[in-house]
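In what follows, a structure is listed as structure tokens, so that the remarks can point back to it.
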2 protein chains.
Amino acid sequence: MIQKKISTAVIKRLPKYYRYLGDLLENDVVRISSKELSNRMGVTASQIRQDLNNFGGFGQQGYGYNVEYLYNAIGKILGLENKYNTIIVGAGNLGQALANYTNFDKRGFEVKGLFDVNPRLIGITVRGIEIKDLDEMGSFIKENSIDLAILTLPKQKAPKVANDLVSYGIKGIWNFAPIDLKLSNKNVIVENVHLLDSLMTLSYNIKERI
Amino acid sequence: MIQKKISTAVIKRLPKYYRYLGDLLENDVVRISSKELSNRMGVTASQIRQDLNNFGGFGQQGYGYNVEYLYNAIGKILGLENKYNTIIVGAGNLGQALANYTNFDKRGFEVKGLFDVNPRLIGITVRGIEIKDLDEMGSFIKENSIDLAILTLPKQKAPKVANDLVSYGIKGIWNFAPIDLKLSNKNVIVENVHLLDSLMTLSYNIKERI
DNA sequence: TAGATTGTTAATCGATTAACAATC
DNA sequence: TAGATTGTTAATCGATTAACAATC
């Protein structure tokens, strides 16, 4: 199927739609118009309709959108019906916190393994998963069909391990290291969470107010 | 001083410039042209020059930019010379992980207090800071001139606590709860880190590759 | 001075918003 | 049928890129 390229601006808004629709669903709202949704979300109704129509016509003239149907449709677009076998590489504070974060499981991201180089961490169990030595990562990925790696290593170690992950056949890296990974294989998807960048943006905006 | 409004697109790129310049500085690079920096960062040289010129002329024709000077200038634009007294509200896994994250201190974000409602957490010490009851938050903010709150509560509790924070005079909220906070005071800055949104974006992109 | 590279204006591109015919 | 609201085209707006004169 030939699909027109969807802009990243649109893609980044999909989870927000999904979130709001999930809330509506929890509150037993059955239908919603783009206008009403636009009021709640603080975006234009036009944008909502444009965004959704990149993926198909989910609404009905004169009626609006069925909340449950649209919620499920967006979930499917986002690939949330898939299950992703996940490992966390870097079992420090952040890695362990993410391992304990149950919301990820709910969306199909299941943590199967935890890895670190620190001998003081290896052997410790977090949420029923034993932290393993980084040396074992390659075989673990293959044996357990790991799709996704969460990278919570310091920036010095991140690039090498990232390329190892690529060579072991991983499909995506959720990167928390404060560095832009340059991977050898362009088919591996990297999504960055640069926490410090976000914090600096906050700092900028606070400063502007003073 | 009347300053023209800087677009958020530009502001969000500043931390990335700051990061690359920091790396260059670590590697004792003295000067860099917009062209060379554009190669490294994977953006256009034109964009770099445009972005920087929103804040002033930092370069020199025929020479380029002095790395250290530009690094410090951007740091100042981002407000990193300021010190921010910070509290973390929600001392679960994520809250504790962030409390332990030393990179924030380096940028002037100093964690002064940790708060939670869970009696099993109250009294525990994380990185030398005792977790306090949420009831004590208001007086603590005033007594310790807290500027910033990191919100790592579940989404049910986040809106109320956020508005409490506003009423106690906080300047900014770094929000990790999966909800868009609607605050009573528009002068309080909110910066969202929606981890699940980021993960869903990754999921979408992986799915598109398959 | 000649070469390099900025700062800045102008051109292009893409994303957002407005408008409205189609239709439930 | 009349009213509401979508899907979609057209208009607008803003952001990015290209070009080049200014100048170190």
Side-chain angles (χ1 to χ4, degrees), chain A residues 2-17 20-21 24 29-74 77 180 201 204-205, chain B residues 2-17 20-21 24 29-74 77 180 201 204-205:
Chain A
I2 291 160
Q3 208 184 322
K4 72 167 166 274
K5 178 93 174 73
I6 312 288
S7 79
T8 57
V10 173
I11 294 159
K12 287 214 182 142
R13 281 193 293 266
L14 291 178
K16 186 171 171 181
Y17 293 130
Y20 274 83
L21 289 164
L24 290 169
V29 177
V30 174
R31 54 167 281 219
I32 193 151
S33 67
S34 59
K35 181 136 184 294
E36 167 67 8
L37 190 58
S38 83
N39 285 145
R40 292 180 187 244
M41 294 182 66
V43 301
T44 63
S46 196
Q47 182 166 75
I48 293 173
R49 295 203 299 278
Q50 284 275 24
D51 283 353
L52 296 178
N53 274 87
N54 281 300
F55 304 97
F58 300 109
Q60 202 170 57
Q61 283 97 328
Y63 175 86
Y65 300 87
N66 178 285
V67 173
E68 188 172 6
Y69 179 78
L70 186 57
Y71 176 78
N72 289 325
I74 294 177
I77 291 163
D180 297 329
T201 306
Y204 174 87
N205 286 315
Chain B
I2 292 159
Q3 207 185 323
K4 73 166 164 273
K5 178 89 174 76
I6 313 288
S7 80
T8 57
V10 173
I11 294 160
K12 286 213 182 142
R13 282 194 291 268
L14 290 178
K16 186 170 171 182
Y17 293 130
Y20 274 82
L21 288 164
L24 289 168
V29 178
V30 174
R31 54 167 281 218
I32 194 151
S33 68
S34 59
K35 179 134 185 295
E36 167 67 7
L37 190 57
S38 84
N39 286 144
R40 292 181 185 243
M41 294 183 66
V43 300
T44 63
S46 197
Q47 182 167 76
I48 294 173
R49 295 203 299 278
Q50 284 275 22
D51 283 355
L52 297 178
N53 274 86
N54 282 300
F55 304 97
F58 301 109
Q60 201 170 58
Q61 282 98 330
Y63 174 86
Y65 299 88
N66 177 286
V67 172
E68 188 173 7
Y69 179 78
L70 185 57
Y71 176 79
N72 289 326
I74 294 177
I77 291 163
D180 296 329
T201 306
Y204 174 87
N205 286 315

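A quick note: this is a predicted structure, and the numbers were derived from the prediction, not measured. Chain naming here is simple, since letters A, B, ... match the order of the sequence lines and numbering starts at 1 in each.
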Practice problem: Hey, could you give me the OG/CG distance between A:Ser33 and A:Asn39, rounded to the nearest 0.5 Å? | Solution: 8.0 Å
Quiz item: Any side-chain N or O of B:Ser34 under 4.0 Å from OP1/OP2 of C:dT6?
Solution: yes
Quiz prompt | Paired nucleotide for D:dC24 [Watson-Crick or G-U wobble; both distances under 3.5 Å] | solution = C:dG3
Exercise. Please round to the nearest 0.5 Å and tell me the distance separating atom CG of A:Leu70 and atom CG of A:Leu52.
Key: 5.5 Å
Quiz item: Can you tell which of D:dT8, C:dT17, D:dC24 lies closest to the side chain of A:Thr44?
Solution: C:dT17
Self-check item: Gap between atoms CD1 and P, on A:Ile48 and C:dA18 respectively (whole Å)
Solution: 13 Å
Quiz item: Taking atom C1' of C:dT16 as reference, at what distance in whole Å does atom CD1 of A:Ile11 sit?
Solution: 17 Å
Quiz prompt | For atom OH of B:Tyr63 and atom P of C:dT5, their distance in whole Å | solution = 11 Å
Quiz item: Looking across every strand, which nucleic acid part, if any, lies under 4.0 Å from B:Ser46 by heavy atom: base, sugar-phosphate, or nothing?
Solution: base
Quiz item: How long is the line joining CZ of A:Phe58 and P of D:dT8, in whole Å?
Solution: 12 Å
Practice problem: Return the value, rounded to whole Å, for the distance between atom CG of A:Asp51 and atom C1' of C:dG14. | Solution: 14 Å
Exercise. Would you tell me if any nitrogen or oxygen in the side chain of B:Arg49 comes within less than 4.0 Å of OP1 or OP2 on C:dT6?
Key: yes
Quiz item: Within this structure, what is the CG-to-C1' distance between B:Asn66 and C:dT6, rounded to whole angstrom?
Solution: 15 Å
Quiz item: So does B:Gln50 reach the base of C:dT6 with its side chain, donor to acceptor, closer than 3.5 Å?
Solution: no
Quiz item: What is the distance from atom OH of B:Tyr20 to atom CG of A:Asp180, rounded to the nearest 0.5 Å?
Solution: 3.5 Å
Self-check item: From B:Arg49 atom CZ to B:Thr44 atom OG1, the distance as rounded to the nearest 0.5 Å
Solution: 8.5 Å
Self-check item: Atom-to-atom span, CD1 of B:Ile32 to C1' of C:dT5 - whole angstrom
Solution: 13 Å
Quiz item: If only atom types and distance count, is the side chain of A:Asp51 paired as donor or acceptor with the main-chain N or O of A:Ile48 below 3.5 Å?
Solution: no
Quiz item: Does D:dG7 have OP1 or OP2 sitting under 4.0 Å from an N or O in the side chain of A:Tyr65?
Solution: yes
Quiz item: In whole Å, what is the span from the CD1 atom of B:Ile6 to the P atom of D:dT16?
Solution: 13 Å
Self-check item: Side-chain donor/acceptor contact of A:Ser7 with base of C:dA15 under 3.5 Å
Solution: no
Practice problem: Report yes if at least one side-chain N or O of A:Arg31 is closer than 4.0 Å to OP1 or OP2 of D:dA4; otherwise report no. | Solution: no
Quiz item: Does any nucleotide pair with C:dT9 by Watson-Crick or G-U wobble geometry, both distances under 3.5 Å, and what is it?
Solution: D:dA18
Self-check item: Among D:dT8, D:dA22, C:dT16, the nucleotide that comes nearest once only the side chain of A:Asn53 is considered
Solution: D:dT8
Quiz item: At under 4.0 Å, does any side-chain N or O of B:Arg13 touch on OP1 or OP2 of D:dA15?
Solution: no
